[in-house]
Amino acid sequence: MKGWPKYGIEFVLLMVVIATSVAGFWNLYFGPEAAPSLYHHMHVGVNFLWIALLLYQLSLVSRNKFKDHRRSGLMVLVFGPLLVASTALLSVHSAHKGLVSGEGDALIVQNVGVTLELAAIILLGFIFRKRRKLHASFLMSTSILFFGIAFFFTLISFVPAYKIEGPDTFYRFATAGIAGQNTCLVLGFLLCTRDFKNGWPYLLAGSMFWINDLVTRWLTSAKLIQPLTETVGGMNQPVTFAATLLILFGLLLATGVGRRASTQTTSEPDRL
């Protein structure tokens, strides 16, 4: 688009994700019943570090600082595993909390699903790192997962039609989930249409919440939600965190990230 800044759509996407994340987690920290735990502090902090890394990488590419872009990309070896490990830890904590309270965990499948999907997207991003457009789409598409979660909490926190105001409005929880799923699906599709060949990771990420919802329905019909919650909630939290971090770290190393390429180029990477 003439006059549109280089990578303007990507910058706007990340700005929207940041704004939605602040709104989504506002009540957790500043609401009338705010009681953030150490798990929340860690998870939210690591999420923002990941978005900051994407922004930094994007700013380097937009200024043609490609060597710096490659070097700073190695930070994914730290932030990627840390991000997924913190997500896994919060998933186990949430399931355990649901078991102790006897109320269960309504988001068990979404929590576990997003953890696995986030790890897969980051890993695929570096498996295909030599295909620059595809590599960029994979990493940028992780922001859609953050947006989806934050958008859901924004709806139930601030939009009257979705706020939970008592037992007779519990259905709004599901309604907000559907609205979030639809929004992510449309967002992923729109971003994908710019370049179907290399932009399909956006559509994949945008479809994840729908896929998780289908899995939830299947597990519910098979009466497997409670066993899943018990399995996840019974996992050792420090071990889960450490194992997830080390496994993804090892898998990323196995893709060759961090090795100095035998032939490097300073030419401009393909458009994100």
Side-chain angles (χ1 to χ4, degrees), residues 5-18 46-85 87 114-148 184 187-208 245 247-272:
K6 190 177 183 180
Y7 306 122
I9 292 177
E10 287 79 10
F11 277 114
V12 169
L13 172 63
L14 293 179
M15 291 297 102
V16 169
V17 171
I18 291 173
V46 174
N47 280 3
F48 277 107
L49 282 174
W50 180 261
I51 295 297
L53 176 59
L54 293 181
L55 268 174
Y56 178 58
Q57 288 280 73
L58 196 57
S59 69
L60 290 175
V61 173
S62 68
R63 290 178 287 146
N64 300 325
K65 295 188 175 182
F66 307 122
K67 287 185 179 180
D68 291 338
H69 171 81
R70 285 194 298 271
R71 283 196 292 267
S72 63
L74 296 179
M75 288 190 288
V76 75
L77 287 173
V78 176
F79 289 131
L82 186 59
L83 174 66
V84 176
T87 305
V114 168
T115 300
L116 297 174
E117 291 150 4
L118 185 59
I121 289 174
I122 293 173
L123 183 59
L124 286 169
F126 282 86
I127 289 175
F128 293 103
R129 71 188 182 282
K130 292 182 180 180
R131 293 181 56 182
R132 292 171 178 170
K133 286 185 178 182
L134 192 57
H135 163 78
S137 292
F138 269 118
L139 295 188
M140 284 295 296
S141 70
T142 60
S143 62
I144 295 181
L145 296 178
F146 301 145
F147 170 79
C184 288
L187 177 61
F189 175 76
L190 291 176
L191 290 169
C192 174
T193 57
R194 297 182 303 157
D195 178 4
F196 281 106
K197 180 180 178 180
N198 298 293
W200 59 265
Y202 287 110
L203 182 58
L204 178 65
S207 304
M208 291 300 187
L245 190 148
I247 290 172
L248 184 56
F249 181 77
L251 290 173
L252 287 174
L253 284 179
T255 68
V257 61
R259 299 174 190 168
R260 188 177 184 83
S262 57
T263 58
Q264 291 185 336
T265 176
T266 58
S267 59
E268 181 185 356
D270 293 323
R271 180 172 177 79
L272 289 175

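Side-chain contact check for I122 versus L252: some heavy-atom pair is nearer than 4.5 Å. A heavy-atom distance below 4.5 Å is not found between the side chains of L139 and Q57. The side-chain heavy atoms of F249 and V78, taken from C-beta on, include no pair separated by under 4.5 Å. You'll find the side chain of T142 reaches within 4.5 Å of the side chain of L54, heavy atoms only.
A side-chain contact (heavy atoms from CB on, under 4.5 Å) with M140 is found for one member of I9, I121, L191, L13 and no other, namely L13.
Nearest approach of I144 to G188, heavy atoms of both residues: CD1-CA, 4.0 Å. When all heavy atoms are compared, the tightest approach of P81 to V76 is CD-O, 3.1 Å. Taking every heavy atom of both residues into account, R129 and T255 meet most closely at NH1-O, 2.6 Å. Residues V84 and L248 approach most closely at CG2-CD2, 3.5 Å, considering heavy atoms.
Remark: side-chain polar atoms of S137 are paired, donor with acceptor, to backbone N or O of N198 under 3.5 angstrom.
Here CZ of F79 is found 12.0 Å from CG of L74. Values are rounded to the nearest 0.5 Å. To the nearest 0.5 Å, atom OG of residue S141 and atom CZ of residue F147 are 14.5 Å apart. We find the CZ-OH distance between F196 and Y202 to be 14.0 Å, quoted to the nearest 0.5 Å. Note that NZ of K133 and CG of D195 are 5.0 Å apart. Values are rounded to the nearest 0.5 Å. Going from atom CE of M15 over to atom CD1 of I51 covers 9.0 Å, rounded to the nearest 0.5 Å. One finds the CG atom of L145 at 6.0 Å from the CG atom of L118 (value rounded to the nearest 0.5 Å).
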Could you walk me through whether W200 and F138 pass the ring pair (Phe, Tyr, Trp, His ring centres under 6.0 Å) check?
-> CA-CA 9 Å; W200 59 265; F138 269 118; 5.3 Å; yes

Verify side-chain contact (heavy atoms from CB on, under 4.5 Å) between W50 and L82, making sure each step is shown before the conclusion. CA-CA 9 Å; W50 180 261; L82 186 59; over 6 Å; no

